[in-house]
Amino acid sequence: MTAKERLLERAPDWTEEQAVRALRAVEGDSSIDEWGDLAAVHDISTTETMRRLAAEEQAAGRKPW
């Protein structure tokens, strides 16, 4: 039995949540899961980290990069 055949055999018993996860996986959208879209959190934390690093460099007498 092929993977496609096994998938079609299992699909009738899937919940809506399982179907949504499967579609996301197929469509390549792995950034959103049961926790939500973490891309915005990642962007904010990266920006904040870079700002703090620049401030530390400046406080140490180095030019900001």
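Bear in mind the structure is a predicted one, so any value in this text is a computation, not a measurement. Only heavy atoms go into these numbers, but all of them, side chains included; no hydrogens, no water, no symmetry mates.
Other cluster members for Trp14: Leu7, joined by side-chain heavy-atom distances under 4.5 Å among Ile, Leu, Val, Met, Phe, Trp and Tyr.
Every residue meeting the side-chain contact (heavy atoms from CB on, under 4.5 Å) condition with Glu48, not counting sequence neighbours, appears here in chain and number order: Arg51, Arg52. With sequence neighbours left out, the salt bridge (charged side-chain N to carboxylate O under 4.0 Å, His left out) criterion links Glu17 to Arg21.
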